[in-house]
Amino acid sequence: MDAEQQYIFDLQGYIVLKGVVSEAVVKACNEALDRFEALEESELPPPLCFGNQRSEQNLYISNILEGDEVFRPLIDIPEVLDVVAEVTGGPYRLNHTYTIYRWGGGYTGLHMHGTPIISKCQYHCRNGQMVSTLTKAVFPMLDCAEEDGCFAAIPGAHKSNFAKPWGNHPDENPGLRGVPAQAGDAIIFTEALTHGSLVNTSGRPRRTLYYCYSIGYMPDWGGQHLRFSDEIYQDLPIPQREILQLK
């Protein structure tokens, strides 16, 4: 992580890495996501499950990493881990993964903020060392412009000392900034940042994978059934397995 990336991440709470996922991996992931999109929850291979109730606008599937081996190359992308290691400030682990599909009218409401402090999602910087207790890598699987309901955040909100004065709908937040990205890019942000998405007004599908890295001693998230199975630790090669393990 170079000095410019450090400055931008600390300043706004996120950075964008261009073209870190190969076209072949994106293609393979999309083929697997095609299959899962057509399934009812009871048909998903465990431990995959719906994180929220499916609607015409949104589909959230928890534990996507364990759905197919094609998702495994995203565990240890060097450019991503370089950022995660720097902003975590110590040992880290891949804590959970999920995917969100979105269609016309869908959006993710804004959540998290610098104040009040949430124990699992904190950010601070002291003596030149950033500490983000949960850092997420967002991988668009399709090109995603603002009208497609792209990832969005209020830059700098991870360091706010005052409560957010607006509601949770994207249209209620004048400080919100969309972060357009292309398939193969990675958006990396601290979970303490106020974030969500813009509203999908194009009707084109949005498809995104989320790989969420925590401080090394944080157990699996647990909410929305986000947890790793015992089997994944047996199936992965040792270098990837170590990234998932508690430290």
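Source: prediction; values computed, not measured.
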Worked check of side-chain contact (heavy atoms from CB on, under 4.5 Å) between Arg72 and Leu65: CA-CA 7 Å; Arg72 295 181 182 181; Leu65 173 64; 4.1 Å; yes

| message | Would you say CD1 of Ile8 has more than 12 non-hydrogen atoms from neighbouring residues, nucleotides or ligands within 6.0 angstrom? | response | yes

For the rings on His96 and Tyr210, is their centre-to-centre separation under 6.0 Å? no

- prompt: Is the backbone N or O of Glu191 less than 3.5 Å from a side-chain atom of Lys136, with the two atoms forming a donor-acceptor pair by type?
  reply: no

In short, Tyr101 meets Arg207 closest at the heavy-atom pair CE2-NE, 3.6 Å

Heavy-atom nearest pair, Pro140 first then Ala181, reads CG-CB, 3.8 Å

Rounding to 0.5 Å, atoms OH (Tyr98) and CD1 (Ile64) come to a distance of 12.5 Å

Exercise for review: Examine distances only and state if a side-chain atom of Asp76 and a backbone atom of Leu81 form a donor-acceptor pair shorter than 3.5 Å.
Suggested key: no

Test Ser229 against Glu66 for side chain to side chain donor-acceptor pair (under 3.5 Å), laying out the working first.
CA-CA 8 Å; Ser229 69; Glu66 301 198 50; 2.5 Å; yes

Does the pair Lys18 and Gln182 meet the rule for a side-chain contact (heavy atoms from CB on, under 4.5 Å), with working shown?
CA-CA 8 Å; Lys18 303 297 292 183; Gln182 297 177 309; 3.9 Å; yes

Intermediate values then yes/no, side chain to side chain donor-acceptor pair (under 3.5 Å), Ser62 and His225: CA-CA 7 Å; Ser62 298; His225 310 289; over 6 Å; no

| query | How far apart are the C-alpha atoms of Asp148 and Ser202, what are their side-chain angles, what is the distance that settles it, and do they pass the side chain to side chain donor-acceptor pair (under 3.5 Å) test? | reply | CA-CA 5 Å; Asp148 302 320; Ser202 71; 2.6 Å; yes

Between Phe228 and Leu94 the two heavy atoms that sit nearest each other are CE1-O, 3.1 Å

| Does any N or O in the side chain of Lys27 come within less than 3.5 Å of the main-chain N or O of Asn30, such that one atom is a donor and the other an acceptor? | no

Practice prompt. Determine, using the 4.5 Å side-chain heavy-atom cutoff (strictly less than), whether Val83 and Val80 are members of one ILVMFWY cluster.
Written response: yes

Tightest non-hydrogen contact, residues Thr97 and Leu226, listed as O-CD2, 3.3 Å

_Main chain of Asp2, side chain of Gln5: is a donor-acceptor contact present, judged purely on distance under 3.5 Å?_
yes

Exactly one of Tyr14, Phe9, Phe151 clears ring-ring contact (aromatic ring centres under 6.0 Å, His included) with Phe189, and that residue is Phe151

### Query
Shared ILVMFWY cluster between Phe139 and Phe36, side chains joined below 4.5 angstrom?
yes

Check your understanding: With a 3.5 Å cut-off and no angle check, do the side chains of Tyr107 and Asn58 form a donor-acceptor pair?
Key -> no

| task | Check whether the ring centres of Tyr60 and Phe50 lie less than 6.0 Å apart, and answer yes or no. | result | no

Cluster question for you: counting only ILVMFWY and a side-chain heavy-atom cut-off of under 4.5 Å, with indirect links fine, are Ile187 and Ile154 together?
no

* Please lay out, stage by stage, how Asn200 and Arg102 fare under the test side chain to side chain donor-acceptor pair (under 3.5 Å). => CA-CA 8 Å; Asn200 183 320; Arg102 180 159 296 125; over 6 Å; no

In short, Gln122 meets Thr190 closest at the heavy-atom pair O-OG1, 4.3 Å

*Short side-chain to backbone donor-acceptor contact, Ser197 and Ala152, under 3.5 Å*: no

